There are 2 protein chains.
Amino acid sequence: MPDLWAEVEKVLDIRFSRALQVMLFLAVAAENGSGPLSSADLAHRLNANPSLVRKLLVPLTEEGLVVCVKGRSGGARLGRPADGITLAEIYRCAVGDKPLFAPSPGVEPVCSVTAHGGEYFAALTAEAEEAVLASLGDRTLADSVGELRRLCAGHAPEG
Amino acid sequence: MPDLWAEVEKVLDIRFSRALQVMLFLAVAAENGSGPLSSADLAHRLNANPSLVRKLLVPLTEEGLVVCVKGRSGGARLGRPADGITLAEIYRCAVGDKPLFAPSPGVEPVCSVTAHGGEYFAALTAEAEEAVLASLGDRTLADSVGELRRLCAGHAPEG
DNA sequence: TAAAAAGCAATCGATACAGTTGCAGTTTAC
DNA sequence: GTAAACTGCAACTGTATCGATTGCTTTTTA
């Protein structure tokens with residue numbers, strides 16, 4: 001048990017964060033023209049287990065965002081150029097069908113207000129989710145790599 | 001144990017949904033000019049436990065969205081007119097400081113891309129969250145009550 | 001003064017997610 | 001042809017968080 005991260009964040013849903021990290025690593029690998037990254041490679045970079053990484057990769061592969069090649073010297077690479085992949089797509093893969101807001105169990109319609117509460121809440125959720133996807137859709141994976149490089153340069157201590 | 005909701009939803013975070021329902025009940029109560037609703041009243045409408053409702057009410061009270069009066073014939077009422085309360089405020093109360101996306105535990109900065117990953121992800125999260133709040137901020141509680149009434153009328157079977 | 005309400009702490013239970021292990025299948029390097 | 005290195009997958013464990021309940025104290029008013 002590594003206490004590297006003794007102050008580990010609470011266990012919430014970190015799948016999006018992880019998926020994004022994986023995609024960023026694959027993006028820079030694609031830039032560098034290196035071959036596919038094995039799950040062991042990625043796991044090392046993420047400080048995680050290779051099998052866990054492979055599980056993370058499943059939905060991304062299903063959606064065509066990454067391509068996994070089996071066998072010796074296999075691994076994962078981007079399924080498309082990094083400037084054609086938006087963060088919204090990565091988000092969708094990572095969280096699946098899980099809605100942004102969960103509805104409470106249906107109460108019996110006791111009055112005019114509760115009668116269509118579920119319907120209304122679903123519409124509300126859909127709209128908020130669209131707003132999130134629009135926000136994430138503005139950025140491509142290539143944008144993110146560039147942004148991170150700029151952050152790095154900005155904070156570089158040497159003149 | 002009521003198996004009314006035998007098909008109970010998975011346990012996700014339904015606090016926003018619950019809080020919104022409570023506020024809707026309080027809004028119609030305010031419209032009707034009736035006195036404060038007791039936690040037992042609300043619990044009955046929500047098919048829940050009075051104590052659970054009181055816990056739900058805590059953050060809403062702290063933020064001034066509802067006012068709770070103690071003692072006999074006490075209860076909860078809106079702290080402000082319904083057209084001055086947005087769904088964004090209710091959301092903030094319900095979920096507290098919990099960020100929309102959770103960051104993964106910090107990995108050591110092994111390359112230029114991971115170095116500021118946490119920073120970048122936090123910015124991403126903040127922007128998405130703002131989008132959600134903007135979406136929810138468009139609607140007031142009064143709007144919601146009106147919308148639900150319209151849904152009801154629209155579905156009315158009689159000509 | 002007793003009833004009725006909020007407030008609060010402790011606790012139980014369920015679920016979803018994080019992570020691990022182990023092995024079967026596949027492909028390539030040699 | 002075979003062994004190494006990889007993915008794919010299933011079963012499993014652990015645990016934090018949230019849903020929900022119980023029981024008590026405090027407050028107010030009828």
Side-chain angles (χ1 to χ4, degrees), chain A residues 1-2 4-5 7-19 21-22 35-44 46-62 66-77 94-99 101-105 107, chain B residues 1-2 4-19 21-22 35-44 46-62 66-77 94-99 101-105:
Chain A
M1 219 76 56
L4 277 173
W5 41 50
E7 301 228 3
V8 61
E9 304 286 329
K10 297 138 212 268
V11 173
L12 296 165
D13 195 344
I14 65 176
R15 285 177 297 176
F16 176 44
S17 175
R18 280 271 156 89
Q21 283 181 321
V22 166
L37 291 181
S38 72
S39 61
D41 280 341
L42 286 168
H44 180 251
L46 289 169
N47 227 323
N49 189 296
S51 191
L52 180 60
V53 171
R54 288 198 286 270
K55 261 196 287 193
L56 264 178
L57 244 21
V58 168
L60 295 167
T61 303
E62 282 173 353
V66 314
V67 171
C68 290
V69 307
K70 288 193 281 194
R72 186 163 176 165
S73 83
R77 58 179 173 78
V95 306
D97 287 340
K98 178 177 160 183
F101 307 140
S104 53
V107 295
Chain B
M1 220 70 55
L4 278 172
W5 41 50
E7 302 226 4
V8 62
E9 302 288 328
K10 296 140 212 263
V11 173
L12 296 164
D13 195 344
I14 65 176
R15 285 177 295 178
F16 175 44
S17 175
R18 279 270 157 89
Q21 284 182 321
V22 166
L37 292 181
S38 72
S39 60
D41 279 341
L42 285 169
H44 180 253
L46 289 169
N47 229 324
N49 190 295
S51 193
L52 179 60
V53 171
R54 287 197 286 269
K55 261 196 287 193
L56 264 177
L57 245 21
V58 169
L60 295 166
T61 303
E62 282 172 353
V66 313
V67 172
C68 289
V69 306
K70 288 192 282 194
R72 186 162 176 165
S73 84
R77 59 179 173 78
V95 307
D97 288 338
K98 176 176 161 184
F101 307 141
S104 53

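All of these numbers come straight from a predicted model, not from anything done at the bench.
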Check: D:dC6 base within 3.5 Å donor-acceptor of A:S39 side chain = no

Within the structure shown, what part of the strands sits under 4.0 Å from A:S38 by heavy-atom distance: base, sugar-phosphate, or nothing?
-> sugar-phosphate

Could you check how far CZ of A:R72 sits from C1' of D:dA3, rounded to whole Å?
-> 8 Å

Residue whose nearest DNA chain C nucleotide is more 5′ - A:K70 or B:G74 | B:G74

Rounding to a whole Å, what distance do you find between B:D13:CG and C:dA16:P?
-> 13 Å

Where do B:L60 and B:L56 land on the side chain to side chain contact (heavy atoms under 4.5 Å, CB included) test, with the steps shown first?
-> CA-CA 8 Å; B:L60 295 166; B:L56 264 177; 5.7 Å; no

Integer-rounded Å distance: C:dA6 P and B:E62 CD | 17 Å

D:dT28 base / B:S73 side chain donor-acceptor hit below 3.5 Å | no

In whole angstroms, the gap separating C1' of C:dA16 from CG of A:L52 amounts to 15 Å

Whole Å only: how far is the CG atom of B:L42 from the C1' atom of C:dA5?
-> 13 Å

Listed nucleotide nearest any side-chain atom of B:K55, set D:dT21, D:dA30, D:dC9 | D:dT21

Write down the distance between CG (A:L56) and P (D:dG8), rounded to a whole number of angstrom.
-> 13 Å

Rounded off to whole Å, could you give me the CG-to-P distance for the A:N47 and C:dA18 pair?
-> 16 Å

How is B:V58 classified with respect to the nucleic acid when contacts are heavy atoms under 4.0 Å: base, sugar-phosphate, or nothing?
-> nothing

With nearest nucleotides of DNA chain D determined for B:R54 and A:L57 from heavy-atom distances, which residue corresponds to the more 5′ nucleotide?
-> A:L57

Quick one: which of D:dT22, C:dC17, D:dA20 gets closest to the side chain of B:S51?
-> D:dT22

Rounded to the nearest 0.5 Å, what's the gap from CG on A:N49 to CG on A:L42? Could you check?
-> 12.5 Å

Under 3.5 Å donor-acceptor, B:S17 side chain and A:P103 backbone = no

To 10°, what angle do the rotation axes through the five end pairs on each side of the helix from C:dT1-D:dA30 to C:dC30-D:dG1 form?
-> 10°

Would you please confirm or rule out a distance under 4.0 Å between OP1 or OP2 of D:dA20 and any side-chain N or O of B:N49?
-> no

In whole Å, what is the span from the CG atom of B:D41 to the P atom of C:dA6?
-> 8 Å

